[in-house]
Amino acid sequence: MKATELAKGVYWTGAIDWNLRDYHGYTLPGTTYNAYLVKGEKTALIDTTYPGFENQMLDRVKEIIDPEKIDYIIANHVEIDHSGGLPKIAKMIPGVPIYCTKAAVEGFERHYDTSGWNFHIIKTGETLSLGGKTLVFVEAPMLHWPDSMFTYLAEDEILFPNDAFGQHIASSERFDDELGIDAAMEHALKFFANLIIPLAPKVLKKLTEVGGLNIGIKMVAPSHGVIWRENAGGIIQAYADWSNGISKDKVTIVYDTMHGSTTKMAQAIAEGVIEGGCEAKVCLLKDGRYEGTHRSDVVKEILDSKAVIIGTPTLQDEPLPTIAGFMSYLRGLHPGRLTQKKKGFTFGSHGGNGGAVRLVEDDMKKAGIEIFREPIEVFYRPDEPEIEICRNAGKLIAESVKNQ
Ligand code: FEO
């Protein structure tokens with residue numbers, strides 16, 4: 001595949017990783033490592049690729065310019081999916097200035113042998129003129145690493161925010177309108193749910209800061225997935241909405257089961273949710289026995305919901321391992337950092353002592369989810385009155401969050 005022109009003198013020169021299916025616990029249909037070449041009188045390369053993909057990137061660069069003639073490297077982020085090509089480039093172009101944050105220098109020194117690397121530490125507002133193209137740098141610490149920064153190309157009004165606004169997808173399409181806006185937004189939602197939720201307050205602060213600069217943003221060119229050219233404003237607004245916890249009238253029920261009792265309870269709760277006027281999404285966690293839903297897809301549903309209800313049987317006085325692992329993931333994401341909190345409760349069956357529902361409830365509190373009611377726990381099999389309790393609980397929580 002050739003380099004793709006975004007605007008005159010601005011090119012996507014990244015790499016496509018068609019085969020990646022799991023990225024530290026996030027399932028994905030491949031991804032892209034987006035690098036961009038900006039050519040004025042001088043030339044800058046913005047970001048590189050995961051180690052092993054740098055030749056794919058350099059082949060695309062060669063269509064535009066001899067890579068040894070690159071004048072500047074802009075390193076928006078240390079993580080190796082964007083900096084893996086730096087060692088080769090720094091060796092190929094000795095002394096090439098590498099523009100990055102102070103924290104990035106410390107990060108690169110921990111990742112690579114940086115002897116001879118020519119770092120230039122940027123501060124927010126600093127500019128770099130390429131002659132006809134001006135790059136403006138904005139530090140973005142903890143969006144999502146301490147070293148992160150955004151680069152803005154003033155003449156073409158293109159924002160290069162690295163991971164922010166990205167999507168994990170491998171495709172032949174380079175732009176949102178080519179892939180389809182709905183598909184691009186769905187991938188961006190999953191990316192936000194799995195990586196950005198805990199940073200929501202920082203996202204809102206940064207959006208306010210960038211909004212205050214009064215700059216136009218015609219395109220958002222992230223470091224993964226398609227480039228937002230048709231819906232640049234839409235994805236920025238979506239980040240504000242998702243950070244604020246704005247979601248559908250929807251309730252996600254996530255659970256696992258041993259012999260089907262917790263399944264019956266989940267189904268009754270879902271019926272109540274629908275009766276209460278909300279969309280219900282029921283997710284049996286995937287654990288190898290069932291073709292269930294992977295946790296990285298479940299959190300996407302939760303981000304899009306106003307309530308989350310979690311079910312587990314009790315096994316050896318603990319939740320099932322699938323649910324325990326999921327709760328660890330959810331605590332880390334901490335949806336309580338979204339402006340508008342989610343509500344929820346727990347349910348499940350037991351044979352022995354029971355009590356797993358209380359442990360899961362504790363985890364829900366730690367994740368910042370507001371507890372709507374007492375856990376519903378049944379002995380062995382739920383009988384008809386208990387099924388009715390489940391149905392009614394689903395109805396009440398749906399009525400409570402609807403139109404919130
Ligand atoms: Fe934080 Fe895509 O790396």
Side-chain angles (χ1 to χ4, degrees), residues 12-36 45-54 56-57 73-89 98-112 122 137-151 159-171 174 176 179 184 187-200 202-203 206 220-228 235 239 242-243 296 299-300 329 332-334 337:
W12 173 84
T13 55
I16 304 175
D17 183 347
W18 295 98
N19 297 323
L20 191 66
R21 291 292 177 271
D22 188 303
Y23 194 59
H24 36 68
Y26 175 153
T27 57
L28 66 179
T31 193
T32 60
Y33 312 114
N34 294 340
Y36 299 94
L45 178 69
I46 301 177
D47 293 320
T48 65
T49 65
Y50 199 80
F53 288 81
E54 54 271 64
Q56 204 187 124
M57 174 190 75
I73 304 294
I74 313 301
N76 280 325
H77 183 25
V78 164
E79 196 165 4
I80 62 170
D81 51 335
H82 308 296
S83 71
L86 273 182
K88 181 162 185 168
I89 289 176
I98 300 171
Y99 279 58
C100 62
T101 63
K102 185 169 183 295
V105 174
E106 291 160 10
F108 288 134
E109 286 171 349
R110 296 295 296 180
H111 280 78
Y112 308 113
I122 64 88
F137 305 110
V138 179
E139 293 163 279
M142 296 316 296
L143 285 175
H144 68 130
W145 276 17
D147 54 86
S148 300
M149 72 175 198
F150 297 172
T151 298
L159 182 67
F160 301 93
N162 199 265
D163 280 320
F165 309 111
Q167 330 96 53
H168 279 311
I169 178 173
S171 67
R174 295 277 65 80
D176 55 353
L179 181 70
H187 286 289
L189 180 73
K190 180 167 177 178
F191 191 95
F192 188 102
N194 283 277
L195 296 168
I196 312 291
I197 284 178
L199 314 173
K202 289 189 169 63
V203 170
K206 186 56 68 181
V220 176
S223 56
H224 297 288
V226 293
I227 297 152
W228 303 95
I235 187 63
Y239 260 51
W242 295 335
S243 297
S296 59
V299 295
K300 185 186 74 155
Y329 197 64
L333 290 174
H334 202 91
R337 295 213 181 103

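Just the heavy atoms: all of them, side chains too, but no hydrogens, waters or symmetry mates, feed the values below. Owing to the predicted nature of the structure, the values given are computational and were not obtained by experimental measurement. Ligands are counted one by one from 1 in listed order, and the atoms in each one are counted from 1 as well.
- With atom 2 (Fe) of ligand 1 at the apex, His224 NE2 and Asp81 OD2 define an angle of roughly 80° (rounded to 10 degrees).
- Annotation: Tyr33 is not in aromatic contact with His82 [ring centroid separation under 6.0 Å not met].
- The distance from atom CG of Leu86 to atom OG1 of Thr48, rounded to the nearest 0.5 Å, is 4.5 Å.
- Nearest N/O/S atom of Asp163 relative to atom 2 (Fe) of ligand 1: this is OD1.
- Side-chain contact annotation: Tyr329 with Ser296, donor-acceptor N/O pair under 3.5 Å absent.
- A salt bridge links Lys102 with Glu106; the closest basic N to acidic carboxylate O contact falls under 4.0 Å.
- Residue Glu79 approaches atom 1 (Fe) of ligand 1 most closely through its N/O/S atom OE1.
- Note on His144: its N/O/S atom closest to atom 1 (Fe) of ligand 1 is NE2.
- At a threshold of 2.8 Å, atom 1 (Fe) of ligand 1 has a backbone or side-chain N, O or S atom of His77 nearer than that distance.
- Checking Asp163 against His77 by side-chain atom types alone, a donor-acceptor pair falls below 3.5 Å.
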